Amino acid sequence: MTAFRKHIALEGKGLSLGYLHKNTKKEILHGLDFQLFRGELTCLLGPNGVGKSTLIKAILGHISPWQGQILLEGKPIQTFNPEQLAKQISVVLTDPVFPGNMTVGQLVALGRTPHTGWMGKLAQTDREIVEKALFDTKTEPIRDERLSEISDGQRQKAMVARALAQDGQLIILDEPTAHLDLENRLELMHLLRGIARDQGKAVLVVTHDLDIALETADRFWLIGRERKLAAGIPEDLILSGEINRLLPGDKFHFSPERGKVETKDQLASDWKIEGDNAWVFWVEKALSKARIPAVSDPIFIKSEPLSLEFRGKSFGSLSDLVLFLTKDSKV
Ligand SMILES: Nc1ncnc2c1ncn2[C@@H]1O[C@H](COP(=O)(O)OP(=O)(O)OP(=O)(O)O)[C@@H](O)[C@H]1O
């Protein structure tokens with residue numbers, strides 16, 4: 001077997017993190033080991049409150065580890081001063097604090113501050129980087145709009161554009177897709193993946209969007225209720241079942257066959273349904289959601305035109321079939 005060595009941008013070793021709360025120590029994460037690679041989009045996922053933001057705070061140097069260390073490009077992160085860190089790490093957090101009267105263009109240009117200084121004038125290369133960030137995030141048409149007068153989704157894209165303009169080797173984004181519609185979410189994640197691949201950056205995204213993360217991420221970091229971090233390519237974590245760390249309760253599970261989260265009580269899998277596989281799936285789904293117990297008589301699915309047959313009766317839609325089965329208590 002060949003072992004490929006990737007460039008490690010960020011590494012955590014035996015990391016324990018927590019807060020001092022009312023004079024008592026509250027440990028949030030314990031003994032984390034992780035590696036963030038250049039050229040990859042990594043998604044950090046986990047249930048609410050497990051400590052994702054806490055880990056990001058530690059990476060940004062906002063809180064100090066209780067144990068272990070974080071290495072940036074092989075050096076302890078605390079040996080970097082704030083200016084050096086700002087050149088290395090671009091960040092988009094969930095609670096941006098920028099004046100509402102600032103325009104999108106001004107916000108994105110602010111991303112160049114670590115390279116020019118607060119009073120610094122943008123050189124030609126800085127302007128080109130800002131233009132590219134506006135173009136890549138499709139915020140170019142709203143560059144003159146004020147932050148207080150654009151939608152949450154547009155503001156979010158502008159924040160991402162600012163992070164791209166900052167041009168750090170490591171880009172960290174905390175829920176960057178939260179206000180975006182489905183297409184924009186996919187586009188943004190594909191854009192981030194493209195930036196990781198094409199520019200050799202390490203991109204870390206905190207997200208709850210499992211479907212889109214599965215579609216786009218090179219690697220997952222999963223933190224479950226046991227407060228440990230499992231890392232790997234998403235497909236490995238699915239095959240090993242570790243993906244279910246995201247679903248600590250007993251109601252849902254990740255179906256490896258279907259590649260999505262499902263409710264555990266799949267009553268409908270006991271039905272006999274005959275027809276095209278794709279259709280069988282949706283018929284099972286509808287029966288399962290309607291919580292109709294299975295009987296021995298089969299359901300036949302006929303296509304062109306679509307009809308469902310059950311006990312010699314024909315139904316033109318799933319809704320009609322479900323209604324019939326629900327009403328007929330003797331089924
Ligand atoms: N400043 C703080 N002082 C004390 N406890 C804190 C502080 N900030 C966060 N916590 C606690 O740390 C735990 C982890 O919080 P954190 O915000 O890191 O979770 P998260 O995984 O990012 O959650 P979410 O998905 O809801 O954003 C929570 O129990 C929270 O109450």
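Whatever order the structure lists them in is the order used to number ligands and atoms, beginning at 1. Remember, predicted model here, so these are calculated numbers, not experimental data.
Taking the side chain as every heavy atom from C-beta outward, F34 and E11 never approach each other to under 4.5 Å.
Side chains of H7 and E40: no donor on one and acceptor on the other come within 3.5 Å. Side-chain contact annotation: H190 with E187, donor-acceptor N/O pair under 3.5 Å absent.
Around atom CH2 of W279, no more than 12 heavy atoms belonging to other residues, nucleotides or ligands sit under 6.0 Å away.
Sorted by chain and number, the residues within 4.0 Å of ligand 1 by heavy atom are Y19, K26, I28, P47, N48, G49, V50, G51, K52, S53, T54, K57, H208.
Taking the six-membered ring where tryptophan is involved, the planes of F310 and F324 are perpendicular, since the angle between them exceeds 60° and thus also 30°.
Residues passing the side chain to side chain contact (heavy atoms under 4.5 Å, CB included) test with Q106, sequence neighbours excluded: M102, T103.
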